[in-house]
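To start, the structure under review is shown below, and the notes come after it.
These numbers come from a predicted model, not from an experiment. We use all heavy atoms of the structure for the numbers below, so side chains are in, but hydrogens, waters and symmetry mates are not. So that the names make sense, note that chain A is the first sequence line, chain B the second, and so on, each numbered from 1.
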Amino acid sequence: MPTERVLLQAEGFGVDYDSTPILADIALSVHAGEVVALIGASGSGKSALLRALLGLSPATAQTRGLLRFAQADGGLRERRDITPLRGATIGFVPQDPQTALSAHRTVAQHLDEVLATHAPGSTRPMRAEQAAALLTSVGLTGELLPRYPHALSGGQGQRVLVALALAGNPAILLADEPTSALDPRATHELLALLQAQARVQRRGVLIVSHDLSATAHAADRVAVLAGGRLVEIGATAAVLSQPQHPLTAALMAACPPLTPPRPARLAEAPRPAPCARVARACAFAATCGRAQSVCAETPPAWRTIAGREVACHWPLGAA
Amino acid sequence: MTRHPWLRLVAGRLLAAIPTLWIVVTLSFLLVRLAPGSPFEDEQRLPPAVRANLDRAYGLDQPLPVQYARYLAGLVQGDLGPSLRQRDRRVVDLVREGLPVSLTLGGLALSLSLLLGVSGGLLCAVARGRAVDRWLGRAAVLAVALPPYVTAPLLVLVFAVGTGWLPVAGWEAGRPADLVLPVIALALPTAGGLMRLLRASALDVLDSPAILAARARGLSARRVLLVHVLPPALSPVIAYLGGAAAALLGGSLVVETVFGLPGMGRFLVEGALNRDYTLVLGKVVVYAVLVLLLNLAADLAALGVDPRLRERVYRGVPES
Amino acid sequence: MSVLSLAAVSVQRGSRALLAEVSLEVAAGETVGLVGESGAGKSTLVRVALGLERPHSGTVRWGIDDPWALSTAARRAARARLGAVFQQPAASLNPRRLIGASIGEPLLAHARALSARERQDRVAAALAQVGLPGQFAARWPDALSGGEAQRVALARALILKPALVILDEPTSALDASAAASVLNLMGELTRESGTAFVIVSHDLAAVAYVARRCLVLEAGRLVADGETDALYASATPPALSRLLAARTERFVPLSATR
């Protein structure tokens, strides 16, 4: 994978809302052809990261550090103004089609305006053809074109959202909880669709989710976000089979197993301190069962253990 | 019965309006007649013989149920009866003279308040919390709070008496300058109300995931605002407009009196003061018809911005 | 003695059968899972069981009473025997009412004889039962995390000491840790409260964690009713096997194939 082209790179990236840090020291890259799952509970800062990557942070937000995006010539360039990249370099797949589509516009109207935006010279018949092709590429048919959002099933709506994200042929797909409104079968199909966009179309796919079990398995790499910082990043197989950060382990132990034996109690993950307070300590210094005095005194440095990066003073593998 | 769902909807609503209209007419008839006094009573004392003659001429000597039946019979044929105080005039003729004035005035005021209210409300929503938003917000509150009987004389003082730019009052057919001040005075409260309503609904839409998603697709700010924010934000405005438009178009008592315009609004004053029963009833009938028609128009407009409602019409699901 | 029984219950919507001849019994104190794909009729079954929708044919019984044979007032009173918890915890709590008021609301409808003091005590007891401190009664819903809100919803469902509580996707809007806390609470309640529970979910593992018995619904029909682990192991009927096959654990990431 590291030999693949980097499409998106964050370095020392952080976001303050009203001068309060809510995201700090984010270092993350997405390569062509891979799916990365960014796992974070509510309040972890994942929404702030999503908005920052789209250049749609609220007006009171300030960002620090670097964001680099793929260039047409194959290089990476730092971008301050992300506006022209939206829909073109970075395609966004929102959470719930019932709220993310405009209820008074048909699927065809939604597709047409995005196509027109990203190919200004095109004619309406050209775009109609492209719209039908886009629906086909996400496993739908042109029958859905005249439909309004309320007449789409959950799975169809979510695929329409993917088609819209693909209309500008972006290098990167950024998906926000793309399966939370779906049943297991539609979830599985949608994740397969996103995976195919990475494998076949060589896009970079970043899936942001609160649910480790729902999305991580479809990803090549997993990054765990807590308290506004990343705590563990690595290949999915390594992270899920042998988590090193206590939080990752707790998140996995929180998911009940399908078959016996079952634990009498499921683990409930420790809560991180808010990002603003973690510049001088580990976010879990007060809540982690493994914490020692050093955890409250020094923020943990990144270290490499068993093929992944982990930010913890007492990683599980080293205990 | 037609097969087209739209026509069926309109026809159904018009049919349903008939009993409503009947109830309005009946109640108004009773109220007007139960009030003390008589059209021929106040000014000079009439000799009893003359009075009896007049009563007979206008049918007022008949029992109330008979008068009521005669009025309804006339109404069905589009006759609103004779004016009791303006000799030799039919109420229908008076309406024919007054209604165009009120409709012109009200139509212009409605357009102006829509223009100001919608553009101002959108601007406030986009500039939320900034100076423009605050100042426009204050102006809207002021426009709503100041009734036309305060704004109308103020406008006259400044723009007619003070600067002499516009006429103080009066109405000559084809002179647009006569309409400027009345239209503004009439439009301001509705414009202010619309602006506040649209600001609130546009803010709701702006904060919705649909708008984040539309912007994330790279659409221009203008397109997002006009195509994705405005139509859903108009939904509550349309519901409000049904009633507001009737009040504007039906003739404003205050504005027409202050500016001396010969519209429908003056009917009510003149009719009520003079116990001109048929004139007052005529005004009520016209106003009721306007309210029913404009609410139907508002419902049709609501269908225009909400495909879910449209689909229910097509499927023939009864409105909830 | 069963707290809920359905006998040959059918529900039609237009020409479509949402439920077809569904029969089932839930015994007192028992916990039952209900799984099925989207559109299988889970929500309709929940509405029928709660007496919110009248079946076109067949009988619903709460204990010995048929709610649709009762007068409207008696049916309303009988609803006190059932509690419900829905997917979106935040949406089911009125944002303008204190949590204590929301939890105590059913008491106002069904236990009018209670004094304000007694109501407060019942609210405090209900909060304790779901593992929340008594101070929560004086908080506003927007201050709750998703897991806490779902506990509050459970407290409200339990306050009338119902014979049966139906939970419709109680964990699917929650993150793993919050879901774990709700499932842990469910584990305690199923062992200790004496209340029967029906948990409806598309999360097969969550269902198996709390329910020994599981029902499978497919296209409006009850196609399986049995011991949860045995059903999962057999991977039949087809609806269940499709649900099992859709589990995301079956994805193979690129890193594992290289």
If you count the non-hydrogen atoms of other residues, nucleotides and ligands that lie under 6.0 Å from CZ in B:R138, is the total more than 12?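 Atom CZ in B:R138 is crowded, with more than 12 foreign heavy atoms closer than 6.0 Å.
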
Give a yes or no on this: more than 12 heavy atoms of other residues, nucleotides or ligands lie within 6.0 Å of atom CD of A:E129.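 Counting neighbours around CD of A:E129, 12 or fewer heavy atoms of other residues, nucleotides or ligands fall under 6.0 Å, so no.
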
So, the side chain of [X] versus the backbone of [Y]: is there a donor-acceptor pair under 3.5 Å, distance only?
X: A:H118; Y: B:R217; answer: yes
X: A:H104; Y: B:V227; answer: yes
X: A:R86; Y: B:R215; answer: yes

Option that, when pairs with chain B are counted at under 4.5 Å, heavy atom only, ranks first among A:A103, A:A59, A:P97, A:P94: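 Option with the top pair count is A:A103.
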
What residue in A:I82, A:V114, A:L174, A:D176 has the most heavy-atom pairs under 4.5 Å with chain B?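 Max contact count across the listed options: A:V114.
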
Examine whether an atom of B:I211 lies under 4.5 Å from a heavy atom of chain A, and if so say whether it belongs to the side chain, the backbone or both; otherwise answer neither.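 Looking at B:I211, nothing touches chain A.
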
Distance check, rounded to the nearest 0.5 Å: B:E311 atom CD versus A:Y148 atom OH?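 Taking CD in B:E311 and OH in A:Y148, the distance rounds to 10.0 Å.
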
To check you understand the geometry: which heavy-atom pair defines the closest contact between B:A216 and A:F92, and what is its length?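 Scanning both residues, the minimum pair turns out to be CB-CD2, 3.4 Å.
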
Are A:Q95 and B:P209 close enough that some pair of their side-chain heavy atoms sits under 4.5 Å apart?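 When only atoms from C-beta onward are counted, B:P209 and A:Q95 do not touch, as no gap falls below 4.5 Å.
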
So which of B:G218, B:A214, B:S208 has the largest heavy-atom pair count under 4.5 angstrom toward chain A?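 Most heavy-atom pairs under 4.5 Å with chain A: B:G218.
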
Top contributor to chain A contacts, counting heavy-atom pairs under 4.5 Å, from B:G304, B:A213, B:P307: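 Highest number of heavy-atom pairs under 4.5 Å: B:P307.
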
For the side chain to side chain contact (heavy atoms under 4.5 Å, CB included) test, which of A:L50, A:T99, A:L56 pairs with B:L212?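 Among A:L50, A:T99, A:L56, the one meeting side chain to side chain contact (heavy atoms under 4.5 Å, CB included) with B:L212 is A:L56.
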
So for A:L54, is it side chain, backbone, both, or neither that comes closer than 4.5 Å to the heavy atoms of chain B?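 It is the side chain, since no backbone atom gets that close.
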
In terms of heavy-atom proximity below 4.5 Å to chain B, should A:L85 be classed as side chain, backbone, both, or neither?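 No part of it gets close to chain B.
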
